Each structure stands twice: as structure tokens, then as C-alpha cells.
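Start at 1 and go down the list; that is how both ligands and their atoms are numbered. If you're wondering where the values come from, they're calculated on a predicted model, not measured in any experiment.
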Amino acid sequence: MQITQSTKLFSLAQQRLPGGVNSPVRAFKSVNMTPLFITRGQGSKLFDKDGNEYIDYVGSWGPMILGHANPEVVSKLKETLDNGTSFGAPTEGEILLAEMICEAVPSVEMIRLVNSGSEAAMAVLRLARGYTKRDKIIKFEGCYHGSVDPLLVKAGSGAMTLGIPDSPGVPVSFVEHTLQAKFNDLDSVIRITEENSQDIAAIILEPVAGNMGMIPPEHGFLQGLRDLCDREGILLIFDEVMSGFRIDFGGAQSLFGIVPDLSIFGKVIGGGLPVGAYGGRQDIMLQVAPSGPIYQAGTLSGNPLAVTAGLTTLEILKEQNPYPELGQKTAWLCEELTTAAETAGIQIQTQSIGGMFGYFFAENAVRNFQEALNSDTEKFTRFFQNMLKQGIYLPPSAFESLFISTAHSDEDLERTASAFRKAFKD
Ligand SMILES: *Cc1c(COP(=O)(O)O)cnc(C)c1O
């Protein structure tokens, strides 16, 4: 496998783009490599500048649940494109996408479209604080909610991989209202609420953590948070930017049967174009401008192209309900990975739900951020590099989740499993 063209582009890129990329994890820094420059995606495959082909398990970090360049999505996009790309005025598609999300996720009675998950997180905090007239929020160590100042505290993912859990440029006063709890540790949350009773506006979390590696909620954790919020008048916010329409059509809240007050979305609901959204209880959402006083706006929000890609993607998902099959496929990959590692005497932990899965090189099940940090990242790096050489494109960080699409064929999976076996033999 030659990557000379990508290497050349990366040195050019570094002259004009900090680190050569427009988002940190893409730089392949934590796996001691330089990134591949992608020219094309088709179905389950990515193609780089040197003409190499890869089976893709990044899926643009989640959105591409129908695979790359899905013909229906592309054709709808072309139709929309011919009619103009942005008007700064209402369009019918926005109602249809809102309707689709509200129907799939019953806790969402009203919704506001924005342009990214980060933007949704920023807006939902303002809304929660404005509505409750309280300032403090609880977040969980290792949960990521975008590059949002008050949430960039032990934020997992890119921030964690680069070792900048608290980014310079975030004033201490901006995070003074951010309280940190431990994922899967209800007692840690109860302690914080006791110390700050009456001051906490919201608890925000990824109901299935996906940005410190994949860590599902333990039995009773989400329900415990719901009960606590009810007792204390705190709003429960699910960040379903990753899990929404990815692990199940109705997201984690439908799968686990927990009703949050507010939710945020992104990734899949944009079908590969830039979209985010926040929504929830009608009485809260009516506080958003212009129906209420809590300000939030966006020049390109509800953009016709983005809405078309998102709506078409959700329509296909609704019709096909691919989640059971995606779940079987990710579970199968996890079994194959476990067997391959254990045969080579390497300890590994895997988990999967629907179209999302993950693994840690660790002795015991990983339940929180600290345990994720204790996993063996050197083993991860060797494994990642070996898999890439074999044409399998995995997330280039030990603290990211993997994604498959409806375009991943049995043959893709077989090839991946055989690459697993070879990776641990080398
Ligand atoms: C990706 C992600 C975000 C941020 O979304 P962007 O579109 O990258 O701003 C927020 N929360 C979670 C859980 C995510 O996975």
C-alpha cells in the first residue's frame, strides 16, 4: 500500500490548516501516522488519493448509516440543488424533518434545527438555564458534547486523545458552573446534587457514551438519573448526536425506555450534511425565540440541502428498519474480534448496539472514563496500523466508537474478520 500522494497533500495542508486538518482526530496523531486524503466514498468503501480502497468503519464519525453516496440521497440532493441552496426563509422540508424526528422520538414535541451537534449543545444549555433560572449543569467525565466552552471539561474524544482535557482559551469562569460526575456512578451524581441543591439546571449526558470509546449505561443508571431529576426539578438532557437514529430509530431513549426533558441530535439526522438539532418538551421549547425570550439563531439553519439529505436518510431508515440487522452485524464483528484477540493471548473488551460498536484492550469491562484511560493504547496503535495496511479503515483513536452502514456486505464483514485474525498474528 502506497500513501505517497496523501503524505504530499498533508505537508501542503499543514502550511494553511493548523495541524493540516479542520478537526483534530482526523490528523491520525494518536496513532503516530499521517492522515489519508479521501477522494471518494461509495457504499461501505473509501478511496484515497493514492487509489487505495478501504472498508470504512468511521462513516464520517457516524452520519453515513446508509453508506457513502447512497443513490436515493444523492438523487434527492441533486433535485434540491437545482432549486437553490439557501434562502434564509422557511421551507416545507424543515416541517417534514421536524415531524419525522418528533414521531420517531416521542419525548421531542418540538424541535429547532441548527448546523452541528456542538451548536445544538450550546443552545440546549442556554435553554435549560433560561427555563430553570439556574446556572449549574452536571456533565460526565469522558462524555463529549462538541467543542462548547463550558462543556470542554474532561470531554473525551479528540480533546482527550490530544491530552488537552481543559483547552486553553476557556476562561475558568466559563466552567465554574460545570460539575463533573462519573459515568455509570449514580452516587457521584447524587453527592453533587446534594451539595448544590436548587442550583442545577440540567444533567447532560450521552446515554450510550461513544466518545471515550463505547460505554453503554449500566442497568438502572439512566432511570436513576431520571428519578433524581424529577425529585430535584433538574432537566435531563440526552445528547443523542451519536446514538440518535444510530443504535435504534428512536435512539437510546427508545431502546432503554427513558424519557428525557430535552435531547440534542446531529450526525445521522443530517445524512452527511451539516445538521444539528435540539428539542423536547413543548413547554420548554416554546421558550425559544421567537415564540419565547431565549435567543438562538442561525443563518443557514434548516438549510434545504442539509434537510433533504437528513430527511431522505430518515425516510429510508424508517422504511427499512435496518437496526436489528445492523445489531447482528456489529455483534458478529465483536465476537470475531474477541476470538481473534484471545486466540493470540490478548485481552479485549467489546460492545455493540445497533449500528455502533467499540473495543478496548483491557482486562475487565470498561464502565467509565478512568477505566477507558487505563486501557492499553499501545496495543491499540499497533492494531490500528496493521488493520489500515490490510485496507480496513478504523477510527484512529482508542477513544472513539466504530460505525457500520447498511451498505456493509457479508463479504466486507468476512474480510474484516480475516484482517482481525491476521492483525493479531503479525
Ligand atoms: C459528534 C458529537 C457532538 C458534536 O457534534 P458536531 O456536529 O461535531 O459539532 C456532540 N455530542 C456527541 C455525543 C457527539 O458524538
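Using a 4.0 Å cut-off between charged side-chain N and carboxylate O, Glu325 and Lys329 make a salt bridge. Salt-bridge formation is not detected for the pair Asp199/Arg134: no Lys NZ or Arg NE/NH1/NH2 atom is positioned less than 4.0 Å from an Asp or Glu carboxylate oxygen.
No donor-acceptor contact under 3.5 angstrom links the side chains of Asn83 and Glu79, judged on distance only.
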Write none if no such pair exists; otherwise list each N/O atom of ligand 1 with its protein N/O partner under 3.5 Å and the distance.
from	atom 1	to	atom 2	distance (Å)
ligand 1	5 (O)	Gly117	N	3.4
ligand 1	7 (O)	Gly117	N	2.9
ligand 1	9 (O)	Gly117	N	3.4
ligand 1	9 (O)	Ser118	N	2.7
ligand 1	9 (O)	Ser118	OG	2.6
ligand 1	11 (N)	Tyr144	O	3.2
ligand 1	11 (N)	Asp239	OD1	3.3
ligand 1	11 (N)	Asp239	OD2	2.7
ligand 1	15 (O)	Asn211	ND2	3.1
ligand 1	15 (O)	Lys267	NZ	2.6

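Here the two rings, on Phe28 and Phe384, have centers that are under 6.0 Å apart.
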In a table with atom names and distances, give each donor-acceptor pair under 3.5 Å that connects a side chain of residues 10-23 to protein atoms at least two apart or in another chain.
from	atom 1	to	atom 2	distance (Å)
Ser11	OG	Thr7	O	3.2
Ser11	OG	Lys8	O	3.0

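By the neighbour-count criterion of 12 heavy atoms within 6.0 Å, atom CD of Glu176 is densely surrounded, having more than that number from other residues, nucleotides or ligands.
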